[in-house]
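Input: a single structure, listed below in structure tokens.
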Protein chains: 2
Amino acid sequence: MSRTIDPYNAVPKYYQLASILRQKIEEGELQPRSAIPSERQLESIYHLSRTTIREAIYNLVQQGFLYREHGRGTFVSPQKLQKGWMELTSFSEDLVKRGMQPGQIIRGLERVVPSPRILQRLELSPGSSVCRIERVRLGDGTPIGLQTSYLALNPDQHITLEDLEATGSLYRILSEKFNIYPSEADETLEVTLATPEEAALLEITPGAPLLLSERVLFSQERRPVEYVKILYRGDRYQYYTHLKR
Amino acid sequence: MSRTIDPYNAVPKYYQLASILRQKIEEGELQPRSAIPSERQLESIYHLSRTTIREAIYNLVQQGFLYREHGRGTFVSPQKLQKGWMELTSFSEDLVKRGMQPGQIIRGLERVVPSPRILQRLELSPGSSVCRIERVRLGDGTPIGLQTSYLALNPDQHITLEDLEATGSLYRILSEKFNIYPSEADETLEVTLATPEEAALLEITPGAPLLLSERVLFSQERRPVEYVKILYRGDRYQYYTHLKR
DNA sequence: CTGGTCATGTGGTCACTACCAGTTACATTA
DNA sequence: TAATGTAACTGGTAGTGACCACATGACCAG
């Protein structure tokens with residue numbers, strides 16, 4: 001990783017600067033709560049305009065690496081987990097972070113016409129068909145969640161079993177294969193009790209408490225992309241989220 | 001609400017412009033998915049520099065009102081609920097949004113030395129005292145949640161019963177009385193079963209499933225401000241969150 | 001009809017300049 | 001000594017001017 005700005009590089013200078021600063025933070029060269037050089041100082045250090053400096057800093061502030069105090073300076077945030085929600089809402093990434101080995105059993109992968117309620121959530125007209133994926137999610141080989149996804153894909157956009165088995169991450173497929181980059185999501189969580197069928201799949205007793213998550217995922221342009229329902233085993237799962245203003 | 005830029009107004013021009021555009025979106029003058037005037041057009045319409053225009057638009061994009069497409073234009077997002085998480089994580093605001101009448105029974109308000117685990121979450125040294133608030137939260141008169149807050153306040157910073165009863169919102173007190181503006185939070189949610197004591201307070205049967213939320217709230221400077229534990233009645237509460245990248 | 005080229009409009013990046021608004025330390029003053 | 005001003009920082013707002021990257025539609029050559 002370079003520590004200087006390359007003006008001939010295709011990547012924008014503000015981005016190069018942000019990378020340099022982020023690296024210095026991650027490596028501990030810039031200590032938490034300590035001030036980074038002022039904008040005027042950075043100007044002469046890297047021979048960039050203040051506009052560019054501020055753009056870089058602004059990005060790092062957005063990402064939670066820095067915080068500013070008017071009249072005092074710009075400071076390094078004490079590092080929290082600090083992971084994007086994409087990684088948090090992705091089941092597989094999520095499990096890895098908890099130190100568990102992710103696994104899955106794909107129970108279904110097909111095109112269906114879902115219930116009116118789901119179509120409405122996806123803002124599709126009645127009778128539209130979507131791609132439905134049903135999976136049992138495993139952590140260290142034990143069932144942890146029962147996940148059913150409904151994807152608003154055109155009939156010519158196919159997801160194959162191979163895709164799913166290769167990555168395990170739906171979001172990676174969406175971005176790499178269809179250029180769909182999720183940017184927002186609405187999610188609800190509530191408590192429910194396992195039906196006999198669900199209990200069998202999750203290897204628990206019927207009536208055991210479950211955590212039910214329903215999420216609608218939106219693309220950059222605010223188009224609903226996915227409706228997903230996940231039933232988590234209440235005894236083996238803790239939902240985590242990081243909220244930013 | 002004015003629809004022009006007042007250069008003598010103390011509020012920044014980019015903010016004035018953002019307000020004007022937001023208003024036009026909310027009133028429907030700018031339709032969802034339609035393009036707003038280009039940056040060069042806005043320049044001549046409002047007699048502002050492109051810098052200022054872009055600052056205004058950037059803010060609205062951050063807030064989810066607009067989205068940009070390079071080479072095509074800037075467009076109005078289809079309006080979702082679009083509420084800040086502050087309002088969502090505030091119990092009282094939250095209930096109002098669901099059309100319920102919020103209420104509370106204050107069971108305790110005192111300074112205590114909490115458990116080491118809570119002190120650690122608040123990044124305080126062992127033996128530190130914090131302000132503890134225990135409340136039963138009501139919706140339309142019925143118990144919905146059991147909330148215990150631990151606030152990292154100095155011994156000279158006092159919250160009174162009157163404060164709490166006046167607003168019901170802790171976050172309003174934090175900002176208005178102590179100039180503490182929460183900006184981020186870590187939250188976990190899991191399923192648990194009601195102890196006899198909890199069951200009594202929530203007016204349910206012991207062993208009934210509950211939604212347990214634990215949250216650590218951070219100020220602008222990433223200092224932990226509040227540790228709060230909420231037990232929600234599983235049968236009467238649905239947790240909602242909006243995730244943004 | 002197909003595929004390329006090009007002009008034009010869009011947002012994206014960047015430099016330079018100026019002044020405003022908080023914060024702090026320190027010298028000055030009452 | 002205590003209050004107060006002030007200079008020298010910090011980040012915040014704003015204008016101007018330039019060029020780049022991407023999207024689109026009109027046009028032309030095959």
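No experiment lies behind these values; they were computed from the predicted model shown. Chain naming here is simple, since letters A, B, ... match the order of the sequence lines and numbering starts at 1 in each.
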Measure from [atom1] on [X] to [atom2] on [N] and round the result to the nearest Å.
| X | N | atom1 | atom2 | answer |
| --- | --- | --- | --- | --- |
| A:Tyr58 | D:dT13 | OH | C1' | 13 Å |
| A:Arg54 | D:dG15 | CZ | P | 15 Å |
| A:His70 | D:dG11 | NE2 | P | 9 Å |
| A:Glu43 | C:dA15 | CD | C1' | 9 Å |
| B:Tyr67 | C:dT10 | OH | C1' | 14 Å |
| B:Glu69 | C:dG12 | CD | C1' | 15 Å |
| B:Glu39 | D:dG15 | CD | C1' | 15 Å |
| B:Leu66 | C:dT10 | CG | P | 16 Å |

Subject >> Residue pairs, two or more places apart or on separate chains, that pass salt bridge (charged side-chain N to carboxylate O under 4.0 Å, His left out) and touch residues 40-52 of chain A >> reply: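 Only A:Glu39-A:Arg50 qualify under salt bridge (charged side-chain N to carboxylate O under 4.0 Å, His left out).
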
**OP:** Any salt bridge (charged side-chain N to carboxylate O under 4.0 Å, His left out) involving residues 10-19 of chain A? Give me the pairs, sequence neighbours left out, ordered by first then second residue.
**Re:**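 Listed by first then second residue: nothing to list.
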
Mind checking whether [X] and [Y] have side chains closer than 4.5 Å, heavy atoms only?
| X | Y | answer |
| --- | --- | --- |
| A:Gln63 | A:Arg22 | yes |
| B:Thr52 | B:Leu17 | no |
| A:Thr148 | A:Val228 | no |
| B:Leu124 | B:Tyr227 | no |
| B:Leu48 | B:Leu42 | no |
| B:Val61 | B:Ser77 | no |

Please tell me if [X] has a side-chain N or O lying less than 4.0 Å from either OP1 or OP2 of [N].
| X | N | result |
| --- | --- | --- |
| B:Gln41 | C:dG9 | no |
| B:Ser38 | C:dG9 | no |
| A:Arg72 | C:dT24 | yes |
| A:Arg40 | D:dC9 | no |
| A:Arg68 | D:dG12 | yes |

Subject >> B/S/- contact track for nucleotides 3-8 of chain D, protein heavy atom under 4.0 Å >> reply: ------

Between protein and nucleic acid, restricted to nucleotides 25-27 of chain D and to nitrogen or oxygen atoms under 3.5 Å apart, what atom pairs and distances do you find?
none

Original post:
What are the residues of residues 8-18 of chain A, sorted by number, that bring a heavy atom to within less than 4.0 Å of DNA chain C?
Top reply: A:Pro12, A:Lys13, A:Tyr14

Original post:
Any ion pair linking B:Glu27 and B:Arg3 (charged N to carboxylate O, less than 4.0 Å)?
Top reply: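 Yes, B:Arg3 and B:Glu27 are salt-bridged.
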
Original post:
Hey, does the side chain of A:Gln62 reach the backbone of B:Gln62 with a donor-acceptor pair shorter than 3.5 angstrom?
Top reply: no

Original post:
Which of residues 44-53 of chain A sit near DNA chain D, with a heavy atom under 4.0 Å from it?
Top reply: A:Arg50

Original post:
With respect to B:Glu226, which candidate in B:Val130, B:Leu170, B:Ile133 satisfies the side-chain contact (heavy atoms from CB on, under 4.5 Å) definition?
Top reply: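 Output: one option passes, namely B:Leu170.
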
Original post:
Between A:Tyr58 and B:Tyr58, is the gap from one ring center to the other below 6.0 Å?
Top reply: yes

**OP:** Under the side chain to side chain contact (heavy atoms under 4.5 Å, CB included) rule, what do B:Arg68 and B:Leu66 come out as? Steps first, then yes or no, please.
**Re:** CA-CA 7 Å; B:Arg68 325 187 82 149; B:Leu66 300 173; over 6 Å; no

**OP:** Determine, stepwise, if the pair A:Arg132 / A:Glu110 fulfils salt bridge (charged side-chain N to carboxylate O under 4.0 Å, His left out).
**Re:** CA-CA 5 Å; A:Arg132 178 176 180 280; A:Glu110 68 227 301; 3.0 Å; yes

